[in-house]
Amino acid sequence: MAKYTWTGMYRPNMFTPDNDKDQLVEVQIVSSVKDDDIVNDIIEEGIEINKATVSDILKRYQAAVIKRVLNGHAYSNGFVQMQPRVSGVFETCTTPFDPAIHKCTVDMNIGSALRAELGSVSVKINGSKDAGGAKIGSVTDTETGDTSGTVTIGEMVSIDGIKIKIQDEKDEEQGVFFIDSEGEHRANSRLAVNKPAQIMVKVPKDLKEGNIALVIRTKYSSGAQLKSIREIRYAYNLTAKKAN
């Protein structure tokens with residue numbers, strides 16, 4: 001069971017220019033924490049020494065680590081590993097160090113304790129970073145009232161979100177798409193509701209039962225119409241089933 005949760009957002013994978021669909025996830029940073037914040041955390045957990053003493057110990061600890069590393073030592077603890085390194089190319093085995101070409105640096109990697117705890121982190125995807133605030137928030141099967149992710153093939157679903165309106169229903173590149181194991185299925189029936197915050201549409205009858213993905217493609221924007229199509233992908237898989 002996850003002890004921690006990271007929230008992330010999809011962003012296009014720029015390393016695969018031949019594939020315009022695959023995504024990477026960028027973690028949304030909650031805040032930038034400094035030493036004073038860590039000291040406050042320690043004090044709140046309960047400790048017999050005061051805040052000023054904890055802060056002083058932490059500063060002395062940092063200074064001692066820095067001094068060791070600058071003297072050529074490798075350092076490791078539960079959350080970080082440090083290794084001194086010289087970057088830059090030396091033309092021969094007798095070429096001297098030149099500060100204009102070569103740089104002293106420190107390689108840093110996560111420590112063993114932090115690495116072990118990463119297995120306790122779950123990730124919640126919160127839309128797409130390039131979606132301009134557009135997001136699919138929930139999907140409701142209007143036939144059954146189910147909101148847990150099950151939709152009935154051939155029946156109406158209500159899709160609620162932000163900036164999800166289909167700008168041009170006649171444009172086949174825009175619309176609501178259901179993706180099963182055999183590919184994409186565009187919902188070709190007329191949208192019963194097509195608003196920025198809600199779309200109501202029938203699930204395609206030729207959709208296969210099982211896990212499916214939901215994608216909305218549109219040029220809609222709250223301002224001027226977008227020049228290119230925006231893809232809004234629902235962060236959770238749905239389950240398609242036939243009507244009873």
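Model, not experiment: these values are computed from the prediction. Just the heavy atoms: all of them, side chains too, but no hydrogens, waters or symmetry mates, feed the values below.
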Of all the heavy-atom pairs spanning [X] and [Y], show the shortest one and how long it is.
X	Y	answer
I164	I159	CD1-O, 3.4 Å
T150	D141	O-CB, 3.4 Å
S55	V39	CA-CG2, 4.0 Å
P196	Y220	CG-OH, 3.3 Å
V25	G8	CG1-CA, 3.8 Å
P204	I153	O-CG2, 3.4 Å

Please confirm whether the backbone N or O of [Y] pairs with a side-chain atom of [X], one donor and one acceptor, at under 3.5 Å?
X	Y	result
T152	A243	no
S221	L226	no
Q174	K219	yes
D146	G149	yes
H102	V89	yes

Check your understanding: Of T218, I199, V203, which meets side-chain contact (heavy atoms from CB on, under 4.5 Å) against V176?
Key ->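 Going through the options one by one, the only one that passes is I199.
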Exercise for review: Report yes if some heavy atom in the side chain of Q167 is under 4.5 Å from a heavy atom in the side chain of I229; otherwise report no.
Suggested key: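 Sidechains of I229 and Q167: no contact.
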Practice item. Kindly write out the residues that satisfy side-chain hydrogen bond (donor to acceptor under 3.5 Å, both in side chains) with D168, not counting sequence neighbours, or none if the list is empty. Key: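 Counting only residues at least two positions away or on another chain, D168 forms no side-chain hydrogen bond (donor to acceptor under 3.5 Å, both in side chains).
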Practice item. Identify, with sequence neighbours excluded, every residue that meets side-chain hydrogen bond (donor to acceptor under 3.5 Å, both in side chains) alongside T5. Key: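 By the side-chain hydrogen bond (donor to acceptor under 3.5 Å, both in side chains) rule, T5 matches S122.
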Neighbour count above 12 (heavy atom, 6.0 Å) for [X] [atom1]:
X	atom1	answer
Q225	CD	yes
K208	NZ	no
R115	CZ	yes

Practice item. Establish, from distance only, whether the side-chain atoms of D56 and T53 form a donor-acceptor pair under 3.5 Å. Key: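 The answer is no; no qualifying pair exists.
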Point to revise | Polar side chain donor-acceptor pair, E155 to T142, under 3.5 angstrom | key: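 E155 vs T142: no donor-acceptor pair found between side chains.
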Exercise for review: Before accepting this row, confirm whether a basic side-chain N of the pair E231/R217 lies closer than 4.0 Å to the acidic partner's carboxylate O.
Suggested key: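 Yes, this pair counts.
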**Study point:** Selection residues 81-91 - residue pairs positive for side chain to side chain donor-acceptor pair (under 3.5 Å), sequence neighbours left out
**Key:**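 Qualifying pairs: R85-D107.
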